[in-house]
Amino acid sequence: MLVKTEGPPNARIFLVGEAPGADENLLGRPFVSHAGKVLDSLLSYAGINRLDCLVGNVAREQPPGNKIEFFFEDSKCTKPKTLMLKYVNMLQQEIIQYNPNIVVGLGATALWALTGMRGIQSFRGYVQECTLVPGKKVLCTYHPAAVSRDWSLQFPAVMDLRKALRNSDTPDIPKDTRALRCNPSKREFIQYLQWLTFDWKDPIALDIETKANCHIDILGLAHSPNNAISFEILSGGRPKYEPREELEIWYWLSRALEVRPSIMHNGLFDACVLWLRNRVLTKTIFADTLIGAHVCWPEHPRSLGFLSSICLNVPAWKHQQTLTPTLYNAADAANTYGVWEVLSEELDRQKIRHTFDFEMSQVFPAGMLQLQGISVDKESQNDLLNSPKQDDLGRVIGIRPRLSLLTNEINRILNKNVNLNSPKQLQQVLYTDLGLPEQYRRRASINDPRKVTADSEALQKLSKINDNPALTMILEWKKLDKLQQFVDVTTSPEGKVHTSYNITGATMQREAKGLVVDDENDYRSFGRWSSSKSIILPFGSGNLQNVPRAARKIYRSPTGYSFISADYIQAEAVVVAYIINDLQLIRMFEDSFGKSRQYRKENNLDVHRITASQLFGIPIDKVTPDQRQVGKTLRHANNYSAGPGVLAAKLGIGMKEAKYLMNLYHQRNPMLRIWHQKVQNELRSTKILYNLLGRKHQFTERWSDELFRSAYSYIPQSTVGDLLNMSLVKIYNNYGDRIDIALQLHDAVYVIVPDHLISWAMQVMRECMLHPLQVNGMDFKIDIDFSIGPSWGEMEEVEYTDYVKSNLPVLPN
DNA sequence: GATTTTACGTA
DNA sequence: CGTACGTAAAATCT
């Protein structure tokens, strides 16, 4: 059945979808199916009444199998068939006839029909001119069916519709009033920098483009959202100016950045490059739009293109990058300025500027950590990799010789050469050649399909039911092969490795086609830093927060210096105890605060022993090590609402026993379930939670157990993350000249200090780290433990009180 | 050649 | 039915 456009003929907004589905076909009306319901909900969030709009589709009848490709010659939908051309023509006539103020295209097909463009992700959210009916205003966004499939698209779709509503008052296409000046002469550019330095009083936006090895290619500056200038430093990868001339540019840029606060998008990168390559110090990063977006909308994409599409009324420009790089760069700078103005208001509206200021304070320490790097000891590295020495059991120690020995042995037993890194080949060996029972991966949800796996958990299980020696050898090989990746790392000419600490969490940048692009996928980011490969100094294994213990020995402090680590003790457990008001645990944490490990042990001040004693109803000093282990695993599993299957696997017991233990645990600790219920209630209205330091997170997942589990972990995890970062900033700001911060590991900070400063450093670090937290009307602090060692891998626990005798920090000469 | 899947390291 | 993160290699898609 042909589906006609419907709605008031004098409507200001014309909503255009793709093609009718089954329900539409049946009723002869557009958007009446599930996608129609989603559309209604998106419109209502945007403040639009569907009855005020014209609603229709590009294609007027349902394609077989709902496949839009039906209307095209090719699978990429670039060459329309005659039928499709007829429909596009009909749409054109309708737009002319009804003459709405704005046409809103829903989905890729509508975008193509209205503007001739491809790629809804790149061009959604921008007000542009319709090519189908020249002079007509168009804005495209995601199709409701796409939103329904991927809920994370809801936010941009609603923001786009709001923009469409704002633009529906008049048919005028907003004029782009920006003055984007490209390629000024060197003289003009320097005059501009001087003008910024002496005559301009407001912040300036800055953006750099870089070529190979992060050398600055183009420099963009803006002094308002409407005024930007872009200047080329390199041409075809070669300097355009004599060193003396270039120096003049850097000098005046430094002068400008010394007095003008700067606005940047991911300024940590720009500031690091400016300092490393050109010794230009960005003295005041006044505002960072990446950080602003992370604080305002942590769950959403935050590339500059996306933010501009949400916040501004400018045309899409990201596609200009290759052809007109300076224009692109100037637009980057101007739009950064514009986005910041919107974000700044949003920070106040949401009352979360304190979180923004806190994240901004982390920029310099994080940048310093990236540029400084950490030294690799070649001798330890070589030893670990190649040592021919043997251990007590006569096995070679070196990773490489051990690996090749194992490979030979495994191939001999299996009687074929197997690539053990290939899950496919390994499955073939295990389940076909050896005929072992298939093992399945644990599912995220009971509804997910079962999948065969050959991971280490599967191998472990198989090795218990089958005595083929190859199984344990494969396990050892896999472990060692992984370890090798962390030990066999390339270092910089200075013998260092570097990592990029990302304040805004989940990876923002990834290399593709030699360009740095923003990743528009998963955005969770609970406020903890992530660590990834530094694009500026790409040496080492990248992420330094997941280096295995066994590989840490290669990171050694210079002679006369030591590593000190300070880690929060049982940090998440402490937070949970106070939140759920577990009085017994709270008392235990208070009794053990500031006490030595020995004291804690002698007085049974141990979470897991307490759990076991509650569980088995026995006195705390009668708890056996096995019972303590049960207590530990159970607490862990329950804190994050794991299922009995996991517990059964971890403790090596049956499902029935596991269920019994879990029930018993909850009977003895009813507060946990009550708190979980409370979290669910808080989620119900807005899906917003706050951690103990006032960091806000709005969850986007649909109402499900997965959402709950994610939410239960949010408060303790992000509180501890923020706490550690707060401490790290304090250590950097107050003592950064003497204490070299080396690593950030979520709940621990590692520093390198001269040996004679060890006791002083421990004292001031402790002072920086014991920050009070509040919950349920209680004040509390999370205690810290220290370790010291000559390398990251050889740290020994030490007692604070053994090192620090006085109460006042005294700096030795 | 680009993208997705599988696996695995840390807190 | 722990969550959070990043990277490498294989498998798969186009």
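Just so we're on the same page: letters track the sequence lines, and every chain starts at 1.
Within a 6.0 Å sphere centred on NZ of A:Lys478, heavy atoms belonging to other residues, nucleotides or ligands number more than 12. The local environment of NZ in A:Lys687 is crowded, with over 12 non-hydrogen atoms from other residues, nucleotides or ligands closer than 6.0 Å.
Ring centers of A:Trp529 and A:Tyr501: under 6.0 Å apart, within the cut-off.
Spacing between atom OH of A:Tyr665 and atom C1' of C:dG2 amounts to 13 Å, rounded to whole angstrom units. We find that NE2 of A:His697 is positioned 14 Å from P of C:dT3, with the value rounded to whole Å. Taking atom CD of A:Gln717 as the reference point, atom P of C:dC5 lies 8 Å away to the nearest angstrom. Distance A:Ile474 CD1 to B:dT6 C1': 16 Å, rounded to the nearest Å. The separation between A:Asp455 atom CG and B:dT5 atom C1' is 13 Å, rounded to whole Å. In this structure, A:Tyr501 atom OH and B:dA11 atom P are separated by 12 Å, rounded to whole Å. Atom C1' of nucleotide B:dC8 and atom CZ of A:Arg441 are separated by 13 Å, given to the nearest angstrom. A:Gln545 places its CD atom 19 Å from the P atom of C:dT3, with the value rounded to the nearest Å.
For A:Ser532, counting side-chain heavy atoms from C-beta on, the closest listed nucleotide (B:dA11, B:dC8, C:dG6) is C:dG6. Across B:dA11, B:dA7, C:dC5, the shortest atom-to-atom separation from the side chain of A:Ser530 is found for C:dC5. Out of B:dA11, B:dG9, B:dA7, the shortest distance to the side chain of A:Asp747 is found at B:dA11. When distances are taken from the side chain of A:Ser456 to each of B:dA7, B:dC8, C:dA4, the shortest belongs to B:dC8. Here B:dT6 is the nucleotide among C:dG6, C:dA4, B:dT6 with the atom lying nearest to any side-chain atom of A:Lys451.
Taking the side-chain hydrogen bond (donor to acceptor under 3.5 Å, both in side chains) definition, one finds that A:Thr719 meets it with nothing, sequence neighbours left out.
Ion pairing of A:Glu794 with A:Arg549 is absent here, as no side-chain N (NZ or NE/NH1/NH2) approaches a carboxylate O to less than 4.0 Å. Using a 4.0 Å cut-off between charged side-chain N and carboxylate O, A:Arg766 and A:Asp785 make no salt bridge. Under the 4.0 Å criterion applied to side-chain N and carboxylate O atoms, A:Arg441 and A:Glu457 are not assigned as salt-bridge partners. The residues A:Arg400 and A:Asp488 are annotated as salt-bridged, a charged nitrogen and a carboxylate oxygen being separated by less than 4.0 angstrom.
Side chain of A:Gln698 to main chain of A:Thr686: a donor-acceptor pair is present (N/O by atom type, distance under 3.5 Å, no hydrogens or angles). Counting only distance, with no hydrogens or angles, the side chain of A:Arg668 and the backbone of A:Gln614 share a donor-acceptor pair below 3.5 Å.
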task = Would you check, one step at a time, whether the test ring-ring contact (aromatic ring centres under 6.0 Å, His included) holds for A:Phe306 with A:Trp297?
result = CA-CA 12 Å; A:Phe306 178 79; A:Trp297 305 304; 8.1 Å; no

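At a threshold of 4.0 angstrom between heavy atoms, the contacts of A:Ser531 are confined to the sugar-phosphate backbone, with no base atom among them. Residue contacts for A:Ala571: at a heavy-atom cut-off of 4.0 Å it reaches no nucleic acid atom on any strand shown. Nucleic acid contact for A:Pro644: sugar-phosphate only, since backbone atoms but no base atoms lie under 4.0 Å from a heavy atom of the residue. Residue A:Val547 is classed as a sugar-phosphate contact, given heavy-atom separations below 4.0 Å to backbone atoms only. Using a 4.0 Å heavy-atom cutoff across all strands shown, A:Arg552 reaches sugar-phosphate atoms only and no base atom.
With hydrogens and angles ignored, a donor-acceptor pair under 3.5 angstrom links the side chain of A:Asn546 to the base of B:dG9.
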remark   = For DNA chain C, the dot-bracket notation using Watson-Crick and G-U wobble pairs below 3.5 Å, [ ] for pseudoknot-type crossings and | for other-strand pairs, is ..|||||||||||.

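Residue A:Arg528 places no side-chain N or O under 4.0 Å from the OP1 or OP2 atom of C:dC5. OP1 or OP2 of B:dA11 has at least one side-chain nitrogen or oxygen of A:Arg549 nearer than 4.0 Å.
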request  = For nucleotides 8-14 of chain C, just jot down a letter per nucleotide in 5' to 3' order: B, S or -, based on protein non-hydrogen atoms under 4.0 Å.
outcome  = S-SSS--

